[in-house]
Amino acid sequence: MKAVVLVGGSGTRLRPLTTPIPKPMLPVVNRPFLEHVIEHLKQYGLDDIVLLVCYRHEVIQEYFGDGRDRGVAITYVVEEKGPLGTAGAVKNAESLLTETFVVCNGDILTDLNLEVMMAFHREKQARATISLAPVDDPTAYGLVQLADGRRVERFVEKPSWDEVTTNLINAGTYILEPGVLRYVPPETRFLFERGLFPMLLQVGNSVYGYPSTAYWLDIGTPDDYLRAHRDILTGQIDVNIPGRREGDVWLGDDVRIDPTARIRGPAVIGNGCVIGPQVRINGPAAIGDGCHLDEGTFIEDAVLWQRVTVARQVVLRHCVIANDCTLGDNVLVTDSSLVGAGCTIGEGNRLERGLQLGPGRTLEPEAIRF
Ligand code: GDD
Ligand code: MG
């Protein structure tokens, strides 16, 4: 059976992190997120994978190639003329989809049992089965209202609060019969959520919802991207974390830690990192390969990508710093602030309140002090 993964979106809510790379390539516990998705599919024998790519697709293609290194076979279908939307993108791959197939959004962290979902799909003889997850706030997702026997009665994509009638939302994994794609117009922007699914209900196709209590998170906002790290590192979902485990700290190769530094997990520290004197790391934290942290720096609930150089007495709390950034003495980055790749932040700058610094920016010393 084939698995089709939607990875063509432009990840606007995670800019500037997604300016140079697509959302599924953002590192999560020091590995591109899509690796975790592929490993989850592989666990269920889904090793024939179609990636529906559009935004910055070359980054994905270069990294994963034909998938052989990871024990899967990857085929790419590129939306050359711009994004076709979720269903339009799958329609674009229709010639590859001749039997029942799985579709997943490429930004979902989950341990959903796909085998049990498949058995449900077969038992119901469904044309489409949609995985559902309970959430506290359905307004950011697609609400799915079920009738008896778990038949889908109604979809409301991004409902307002007065439209909320259930806490179950579309969890972004579907099992589909190929025939449903005939309702999707070719080469036209078309969505599952607002287009195909409501249409299938209208024409009387059997669409079922499959609620589950599996771990589920959409990593698509800064807070949820950070939360994915916290949940993985605290063991709420079982995901491969790179490095040698010592208690709740995963250490890469050739890491140098000054004896006066204090690391409290859970944390993952990549290859070749240098942790200077009096540095304090309070997990959850993920520090990518080749980072250098100088004296007295404090890191808590933060994610640093690769080759980030941090000077003295820097505070990084609940924030993300992308590749190749250089931070001067006494810099502070907090409150879901995001620093794009290749930034140079002069000493004494304070980036707070969700500030987003675009890639390649240089901040003179003390340019931002709220
Ligand atoms: N190839 C391709 N082409 N992929 C796309 C396109 C497109 O035009 N548009 C979006 N995608 C991919 C994104 O890269 C992402 O992996 C996935 O489809 C979902 O897109 P998001 O933009 O993250 O959608 P969302 O999170 O607002 O809403 C969707 O997911 C929710 C669950 O997280 C909907 O399916 C909701 O109904 C659902 O509740
Ligand atoms: Mg999403």
Side-chain angles (χ1 to χ4, degrees), residues 3-15 17-18 21-26 28 32-34 36-38 40-41 49-57 59-61 75-94 96 103-110 112 128 130-145 152 154-159 163-164 166-174 176 184 187-198 207 209-212 214-225 227-228:
V4 179
V5 190
L6 285 154
V7 288
S10 54
T12 39
R13 287 165 293 184
L14 281 169
R15 270 189 209 146
L17 303 177
T18 49
I21 57 173
K23 179 164 56 176
M25 290 303 286
L26 298 194
V28 168
F33 181 69
L34 190 52
H36 302 302
V37 174
I38 289 175
H40 174 234
L41 294 171
I49 296 173
V50 180
L51 296 182
L52 304 178
V53 293
C54 184
Y55 179 74
R56 304 244 183 271
H57 58 89
V59 182
I60 299 180
Q61 285 167 292
T75 312
Y76 298 88
V77 180
V78 188
E79 289 145 68
E80 302 280 4
K81 295 184 192 146
L84 287 170
T86 46
V90 176
K91 177 76 176 181
N92 204 31
E94 192 175 18
L96 304 173
V103 177
C104 22
N105 286 350
D107 60 347
I108 303 298
L109 179 63
T110 184
L112 178 69
I130 301 167
S131 68
L132 308 178
V135 295
D136 293 335
D137 176 5
T139 62
Y141 308 100
L143 177 142
V144 181
Q145 175 80 47
V152 174
R154 200 164 65 104
F155 293 94
V156 195
E157 186 63 21
K158 314 278 155 49
E163 291 172 303
V164 173
T166 165
N167 66 345
L168 286 178
I169 56 114
N170 167 11
T173 302
Y174 318 129
L176 303 179
V184 182
E187 290 172 48
T188 309
R189 198 179 133 75
F190 205 74
L191 302 182
F192 282 115
E193 302 84 352
R194 296 179 199 270
L196 181 63
F197 291 150
V207 180
Y210 176 73
S212 99
Y215 176 91
W216 185 87
L217 179 73
D218 177 328
I219 65 153
T221 65
D223 284 345
D224 286 334
Y225 174 70
R227 178 153 172 217

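Whatever order the structure lists ligands and atoms in, that order sets their numbers, starting from 1.
Heavy-atom proximity to atom 39 (O) of ligand 1, evaluated over Val53, Asn170, Leu143, is greatest for Asn170. For atom 21 (P) of ligand 1, the nearest non-hydrogen atom from the set Arg13, Glu157, Glu193 comes from Arg13. Nearest-heavy-atom check against atom 19 (C) of ligand 1 across Ile108, Thr110, Leu191, Asn105 picks out Asn105.
Phe192 and Phe197 have parallel rings, their planes meeting at less than 30° on a 0 to 90° scale where 60° marks the start of perpendicular.
The atom name of the N/O/S atom in Asp218 closest to the Mg ion (ligand 2) is OD2. If you look at Asp107 and ask which of its N, O or S atoms sits nearest the Mg ion (ligand 2), the answer is OD2.
Of the heavy atoms in Trp216, only side-chain atoms (C-beta onward) come closer than 4.0 Å to ligand 1. In Ala89, the part holding a heavy atom less than 4.0 Å from any atom of ligand 1 is the side chain. Heavy atoms from both the backbone and the side chain of Asp107 come within less than 4.0 Å of ligand 1. When heavy-atom distances to ligand 1 are checked against a 4.0 Å cut-off, Phe190 has no atom that comes that close, whether in backbone or side chain.
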Exercise. Kindly determine whether Val37 and Ile108 satisfy side-chain contact (heavy atoms from CB on, under 4.5 Å), including the steps that lead there.
Key: CA-CA 8 Å; Val37 174; Ile108 303 298; over 6 Å; no

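Under a 3.5 Å cut-off, the side chain of Tyr141 and the backbone N or O of Val135 do not form any donor-acceptor pair.
The environment of CD in Glu163 is crowded: more than 12 heavy-atom neighbours from other residues, nucleotides or ligands sit within 6.0 Å.
Near Leu84, meaning under 4.0 Å from any of its heavy atoms, are these atoms of ligand 1: 8 (O).
Distances between N or O atoms of Pro83 and those of ligand 1 include no value under 3.5 Å. Residue Cys54 has no nitrogen or oxygen atom sitting less than 3.5 Å from a nitrogen or oxygen atom of ligand 1, judged on distance alone. Here's the thing with Lys158: one of its N/O atoms is less than 3.5 angstrom from an N/O atom of ligand 1. For ligand 1, the polar-atom distance check against Gly85 finds a nitrogen or oxygen pair separated by under 3.5 Å.
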